[in-house]
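The structure appears below as structure tokens.
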Amino acid sequence: ATLTLPGSPATALRAEGEAQRGPEGWTASVQAELDALPLAALTGLWPEGLAEAAAAPVLAALAGGSLRDLRLGVAVAAPADVARLTLREARAGFTLEQAQLALGPALAGLGANPGLLGPATRLAADRIEFAATLTPAALRLERLSLRLPAPSAGVPATTLLLTAEAARDAASGAWTGAATLGLDAVRFADLPRLWPEGLRTNERDWITGNITAGRLRDGHWRIEGALPPGSAEPRITALTGTAEAEDATVHWLRPMPPVVGVAATASFSLAEIAIRTRGGRQLVG
């Protein structure tokens with residue numbers, strides 16, 4: 001099946017599927033793909049009455065950019081009389097280019113905890129790649145890659161890579177999972193726009209306010225969490241991580257002059273962020 005969407009140039013949504021009846025009932029699968037579409041066009045294409053509660057915040061979040069290489073797949077099962085459908089697996093993958101996302105309004109509209117992101121939080125990315133798989137008992141984020149715009153000419157762009165997985169306990173219904181975040185390199189001067197307000201506020205304020213130059217590289221973090229049955233608030237149960245700092249300028253005891261040329265390793269846990277320095281020069285005021 002091919003559905004040609006309005007616009008110039010025209011965009012085609014293609015889908016194919018099959019259903020088979022066996023001894024235990026029906027199994028069916030559908031795959032759909034879309035090559036390219038401006039994000040702004042989704043507002044006029046979203047069908048009326050389809051997930052109206054989610055439509056407004058989701059569409060409001062898509063402030064600009066292009067959707068490319070959208071791939072969707074769903075597999076379901078049903079008894080012989082097709083009285084109900086049961087999800088077996090759902091897959092999704094896409095790329096966003098030159099994306100402008102209004103994250104704060106979107107999360108607030110969906111009823112999510114607003115503590116992590118303020119109402120004005122926006123994200124600009126040169127490229128976002130997403131791939132995930134969902135089953136009734138597991139969720140796997142194979143890839144969420146964000147390449148952020150270079151802050152200035154001659155400064156390399158920053159890339160973040162997130163992978164995650166979660167599983168549901170069949171007996172209790174509780175979900176447990178873990179996420180791994182990687183960061184190639186970022187200047188400390190650009191860290192305030194990447195570190196969400198409200199996330200480890202004390203550490204964020206100190207690091208962004210007192211480390212004013214240099215670069216953070218080779219960042220690796222792992223977060224483990226749980227979602228008890230009937231709860232809408234996930235609970236973080238473990239956090240580990242490391243990152244390297246180089247050629248940093250650290251204001252460690254204002255109004256004393258800063259230490260420059262600092263090399264250090266930062267270790268992250270639920271209890272603390274420990275910074276161990278390996279060198280630097282104390283300026284004399």
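Residue numbers start at 1 and run along the sequence shown.
Clustering ILVMFWY residues whenever any of their side-chain heavy atoms sit less than 4.5 angstrom apart, transitively, puts I207 in the very cluster that holds V259. Placement of L96 and L5 within a single hydrophobic cluster is found when ILVMFWY residues are connected by side-chain heavy-atom separations under 4.5 Å, directly or transitively. A single hydrophobic cluster is not seen to contain both V30 and L34; linkage of ILVMFWY side chains at heavy-atom distances under 4.5 Å, directly or through other members, places them apart. Under a hydrophobic-cluster definition in which Ile, Leu, Val, Met, Phe, Trp and Tyr are linked whenever side-chain heavy atoms come within less than 4.5 Å, directly or via other members, L144 and L139 are assigned to different clusters. Taken together through direct or relayed side-chain contacts under 4.5 Å among Ile, Leu, Val, Met, Phe, Trp and Tyr, L161 and L146 form parts of separate hydrophobic clusters.
Within the 4.5 Å cutoff, side-chain heavy atoms of L70 are placed close to those of L72. In this structure the side chain of L181 never reaches within 4.5 angstrom of the side chain of I223, judged on heavy atoms. Looking at heavy atoms from C-beta onward, I273 lies out of side-chain contact with W206 at the 4.5 angstrom threshold. Using a 4.5 Å heavy-atom threshold, the side chains of L216 and L183 count as touching. Side-chain contact check for P258 versus V250: every heavy-atom pair is 4.5 Å or farther apart. Looking at E272 and S267, their side chains never come closer than 4.5 Å, going by heavy atoms from C-beta outward. In this structure, L227 and R235 have side chains that are not in contact, with every pair of non-hydrogen atoms separated by 4.5 Å or more.
By the side chain to side chain contact (heavy atoms under 4.5 Å, CB included) test, E244 pairs with R217, T265, R278, sequence neighbours left out. For R215, the side-chain hydrogen bond (donor to acceptor under 3.5 Å, both in side chains) partners at least two apart in sequence or on another chain are E246. A search for side-chain hydrogen bond (donor to acceptor under 3.5 Å, both in side chains) contacts involving D184 returns nothing, not counting sequence neighbours. The side-chain hydrogen bond (donor to acceptor under 3.5 Å, both in side chains) test applied to R21 returns no partner, not counting sequence neighbours. With sequence neighbours excluded, the residues forming a side chain to side chain contact (heavy atoms under 4.5 Å, CB included) with A131 are E142, listed by chain and number. Taking W252 as the reference, Q282 meet the side-chain hydrogen bond (donor to acceptor under 3.5 Å, both in side chains) condition, with sequence neighbours excluded. Residues passing the ring pair (Phe, Tyr, Trp, His ring centres under 6.0 Å) test with W46: none are found, sequence neighbours excluded. Residues passing the side chain to side chain contact (heavy atoms under 4.5 Å, CB included) test with L42 are L37, L39, L59, L62, sequence neighbours excluded.
Nearest heavy atom pair, residue P228 against residue A174, reads CA-CB, 4.4 Å. When every heavy atom of P156 is checked against every heavy atom of A150, the shortest pair comes out as C-CB, 4.5 Å. The two atoms that bring A125 and P149 nearest to each other are CA-CD, 3.9 Å, heavy atoms only. In this structure, G241 and W221 approach most closely via the heavy-atom pair CA-CD1, 3.8 Å. Of all heavy-atom pairs spanning A179 and L162, the tightest one is CB-CD1, 4.0 Å. A124 and L148 make their closest contact through O-CD2, 3.5 Å (heavy atoms, listed as atom of the first residue, atom of the second, distance).
Residues in residues 153-164 take part in no side-chain hydrogen bond (donor to acceptor under 3.5 Å, both in side chains) pair, two or more places apart or across chains. Evaluation of the side-chain hydrogen bond (donor to acceptor under 3.5 Å, both in side chains) test over residues 53-68, restricted to residues two or more places apart or in two chains, returns R68-E97.
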With salt bridge (charged side-chain N to carboxylate O under 4.0 Å, His left out) as the criterion, how do E129 and R127 come out once you've worked through the C-alpha distance, each side chain's angles and the decisive distance to 0.1 Å?
CA-CA 7 Å; E129 298 177 4; R127 186 178 180 89; 2.8 Å; yes

Could you go through L239 and S269, starting from their C-alpha distance and side-chain angles, then the distance that decides it, and tell me whether this counts as side chain to side chain contact (heavy atoms under 4.5 Å, CB included)?
CA-CA 5 Å; L239 168 66; S269 70; 5.7 Å; no

Could you walk me through whether L101 and I128 satisfy the side chain to side chain contact (heavy atoms under 4.5 Å, CB included) test, starting with their C-alpha distance in whole Å, then the side-chain angles of each, then the deciding distance to 0.1 Å, before giving a yes or no?
CA-CA 11 Å; L101 305 179; I128 299 175; 3.8 Å; yes

List the steps and the verdict of side chain to side chain contact (heavy atoms under 4.5 Å, CB included) for L283 and V260.
CA-CA 7 Å; L283 298 180; V260 299; 3.7 Å; yes

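A distance-only check finds no donor-acceptor pair linking the side chain of R187 to the backbone of V155 [under 3.5 Å]. T277 places no side-chain N or O within 3.5 Å of a backbone atom of G279 that could act as its donor or acceptor partner.
In this structure, the separation between CZ on R222 and OG1 on T180 is 5.0 Å, given to the nearest 0.5 Å. We find the CG-CG distance between N210 and L253 to be 10.0 Å, quoted to the nearest 0.5 Å. Atom-to-atom distance recorded for T240:OG1 and E224:CD is 7.0 Å, nearest 0.5 angstrom. Here the straight-line distance linking atom OG1 of T27 with atom CD of E18 works out to 7.5 Å at 0.5 Å rounding.
Aromatic ring orientation, F130 versus F94: parallel (interplanar angle below 30°, classes split at 30° and 60°).
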Enumerate donor-acceptor pairs with a distance under 3.5 Å from any side-chain N or O in residues 78-90 to protein atoms, sequence neighbours excluded.
| unit_1 | atom_1 | unit_2 | atom_2 | d |
| --- | --- | --- | --- | --- |
| D81 | OD1 | A83 | N | 3.2 |
| E89 | OE1 | R91 | NE | 3.2 |

Show which side-chain atoms of residues 10-17 pair as donor or acceptor with protein atoms under 3.5 Å away, not counting sequence neighbours.
| unit_1 | atom_1 | unit_2 | atom_2 | d |
| --- | --- | --- | --- | --- |
| T11 | OG1 | A36 | O | 3.1 |
| R14 | NE | E33 | OE2 | 3.1 |
| R14 | NH2 | E33 | OE2 | 3.1 |
| R14 | NH2 | D35 | OD1 | 3.0 |
| R14 | NH2 | D35 | OD2 | 3.1 |

